Protein chains: 2
Amino acid sequence: MNYSSELLKGTLKTIVLKLLADNKKMYGYEITQRVKGLTLNKIQITEGALYPTLHSLEADGFVTTETEFIGKRVRKYYSLSPTGKTKTKEKVSELADFMETMKFLLDIKTKTT
Amino acid sequence: MNYSSELLKGTLKTIVLKLLADNKKMYGYEITQRVKGLTLNKIQITEGALYPTLHSLEADGFVTTETEFIGKRVRKYYSLSPTGKTKTKEKVSELADFMETMKFLLDIKTKTT
DNA sequence: TCATATACATTTGTTTCTTATGTATCTTTG
DNA sequence: CAAAGATACATAAGAAACAAATGTATATGA
């Protein structure tokens, strides 16, 4: 089982930033596998979502990259920049706050009628 | 303050369904005000988002409508259908599950390097 | 050798929202 | 009493963030 696709929207960037904050450097494919493993296959990040996200984070200066060769195959590592670390804290705490709000909304038993 | 807009994506339908489950019947404008009030202005549902969502829920048979006139002004009430009630439980529990997963992902302190 | 996994990337949708616009009535306030 | 703001519906155009599909290439295991 995995979640209906619309739920991931808006959280992917935060997930990626948080993983980079916890792991110093990671490459794209590794990120997809890590998330898949950590969430027991519930969240599967597609390549069409991940790579544009990583490129966008790089364009915004939140991550830096270094290319490494494993045999003949290229591997592109991503690391947080100083502003990226600040951004990560903001995004994570915003998402945590949002989840608290959602939890409250989903639990309410208000009666008006 | 309010959340960056992308966070609401994917949760709006669930919020609406849950409100209807708790309140028997509500009209569109009322829903926007209720959410605004309950979340202390953190979540403001726009009309361009809400009405298409309500129409979509109706088209899918999850809600039924009844029109009422307050003076000369029309007011359209929405109520959950039986399948809508089932759908609500599904969506709410899926979102709750997703939030648990996200909470876990955001708290991890895995070290690999 | 052939399927699967690893690893990057882009293109073309689709969904779901925001912003803007439109219509109309009701209420409050200077 | 006029004008602003609130109530109440709706749709259209555009943006954002994904999924799905496609492409290229190397490595590995059966």
Side-chain angles (χ1 to χ4, degrees), chain A residues 2-17 25-37 41-60 62-63 65-78 91 94-95 98 102, chain B residues 2-17 25-37 41-60 62-63 65-78 91 94-95 98 102:
Chain A
N2 48 8
Y3 302 117
S4 33
S5 61
E6 73 270 11
L7 283 180
L8 189 62
K9 292 197 183 184
T11 63
L12 178 56
K13 197 166 280 185
T14 307
I15 291 173
V16 170
L17 287 171
K25 68 173 191 178
M26 295 182 85
Y27 55 98
Y29 187 77
E30 186 185 16
I31 292 174
T32 67
Q33 299 307 303
R34 185 67 57 85
V35 171
K36 190 179 170 184
N41 291 12
K42 285 179 179 177
I43 296 179
Q44 303 220 29
I45 299 176
T46 61
E47 292 159 302
L50 180 66
Y51 290 116
T53 295
L54 287 170
H55 299 160
S56 155
L57 288 172
E58 189 179 13
D60 290 339
F62 296 133
V63 299
T65 62
E66 39 179 324
T67 297
E68 193 175 294
F69 277 89
I70 309 295
K72 284 180 183 169
R73 195 157 55 190
V74 75
R75 185 179 282 180
K76 202 166 161 189
Y77 278 98
Y78 290 84
K91 296 286 280 180
E94 185 192 27
L95 184 49
F98 178 76
M102 283 304 301
Chain B
N2 48 9
Y3 303 117
S4 35
S5 60
E6 73 269 11
L7 283 179
L8 189 62
K9 292 199 183 185
T11 63
L12 178 56
K13 199 167 279 187
T14 307
I15 291 173
V16 170
L17 287 171
K25 68 174 191 178
M26 294 183 85
Y27 55 98
Y29 186 77
E30 185 184 17
I31 291 174
T32 66
Q33 298 307 304
R34 185 67 58 85
V35 171
K36 189 179 173 186
N41 291 12
K42 285 178 178 176
I43 297 179
Q44 304 219 30
I45 300 176
T46 61
E47 292 159 301
L50 180 65
Y51 291 115
T53 295
L54 286 171
H55 299 161
S56 156
L57 288 173
E58 188 179 12
D60 290 339
F62 296 133
V63 297
T65 61
E66 40 179 324
T67 297
E68 193 175 293
F69 276 91
I70 308 296
K72 283 179 183 171
R73 197 157 56 191
V74 75
R75 185 181 280 179
K76 202 166 160 189
Y77 278 99
Y78 291 83
K91 295 288 280 180
E94 186 193 28
L95 183 49
F98 178 75
M102 283 303 303

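We use all heavy atoms of the structure for the numbers below, so side chains are in, but hydrogens, waters and symmetry mates are not. All values derive from a computational prediction rather than experimental measurement.
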Checklist line | side-chain N/O B:His55 vs D:dT11 OP1/OP2, d < 4.0 Å | finding: yes

Item checked: Atom-pair distance (CG on A:Leu95; P on D:dA17), nearest Å -> 14 Å

Note to self: Test of understanding: with side-chain hydrogen bond (donor to acceptor under 3.5 Å, both in side chains), list the residues that count as partners of B:Lys13, not counting sequence neighbours.
What the structure shows: B:Ser56

Next item on the list: Measure from NZ on A:Lys9 to C1' on D:dA15 and round the result to the nearest Å.
Entry: 11 Å

Next item on the list: Calculate the interatomic distance between B:Tyr27 atom OH and D:dA10 atom P; express it in whole Å.
Entry: 14 Å

Next item on the list: Round to the nearest Å and state the distance from B:Glu30 atom CD to D:dA6 atom P.
Entry: 18 Å

Return all side-chain donor-acceptor pairs below 3.5 angstrom for residues 65-73 of chain A, not counting sequence neighbours, or 'none' if the list is empty.
unit_1, atom_1, unit_2, atom_2, d
A:Thr65, OG1, A:Glu58, OE2, 3.2

Check: Are any non-hydrogen side-chain atoms of A:Leu50 and A:Val16 less than 4.5 angstrom apart?
Finding: yes

Margin query: Taking any heavy-atom pair under 4.0 Å as a contact, classify A:Thr11: base, sugar-phosphate, or nothing.
Written below: sugar-phosphate

Note to self: Measuring only between side-chain heavy atoms, which start at C-beta, is A:Ile43 closer than 4.5 Å to A:Lys36?
What the structure shows: no

Check: Atom CD of B:Gln33 and atom C1' of D:dT7: how far apart are they, to the nearest Å?
Finding: 9 Å

Report, one pair per line, the protein and nucleotides 19-25 of chain D atoms (nitrogen or oxygen only) whose separation is under 3.5 Å.
unit_1, atom_1, unit_2, atom_2, d
D:dA19, OP2, A:Thr46, OG1, 2.5

Note to self: Which residues pass the side-chain hydrogen bond (donor to acceptor under 3.5 Å, both in side chains) test with A:Lys91, not counting sequence neighbours?
What the structure shows: B:Glu6

Check: So do B:Thr32 and B:Thr46 actually touch side chain to side chain, heavy atoms under 4.5 Å?
Finding: no

Next item on the list: Applying ring-ring contact (aromatic ring centres under 6.0 Å, His included), name anything that partners A:Phe98, two or more places apart in sequence or on another chain.
Entry: B:Tyr3

Note to self: In this structure, how many angstroms lie between the P atom of D:dC18 and the OH atom of A:Tyr3, rounded?
What the structure shows: 16 Å

Check: Side-chain N or O of B:Tyr51 less than 4.0 angstrom from OP1 or OP2 on D:dC9?
Finding: yes

Note to self: Reading DNA chain C in the 5' to 3' direction, which nucleotide is the first one with an atom under 4.0 Å from a heavy atom of chain B, and which is the last?
What the structure shows: C:dT16 to C:dC26

Note to self: Need to verify one output field. Residue with the more 5' nearest nucleotide on DNA chain D, A:Thr53 or B:Pro52?
What the structure shows: B:Pro52

Notebook entry, point to check: Side-chain contact, heavy-atom cut-off 4.5 Å: A:Glu94 with B:Leu7?
Noted result: yes

Note to self: Can you measure B:Tyr29 atom OH to D:dA10 atom C1' for me and round it to whole angstrom units?
What the structure shows: 15 Å

Item checked: Residues forming a side-chain hydrogen bond (donor to acceptor under 3.5 Å, both in side chains) with B:Glu47, sequence neighbours excluded -> none

Checklist line | Separation of D:dA17 C1' from A:Leu57 CG (nearest whole Å) | finding: 13 Å

Next item on the list: Check whether any side-chain nitrogen or oxygen of A:Lys13 sits under 4.0 Å from OP1 or OP2 of D:dA16, and answer yes or no.
Entry: no

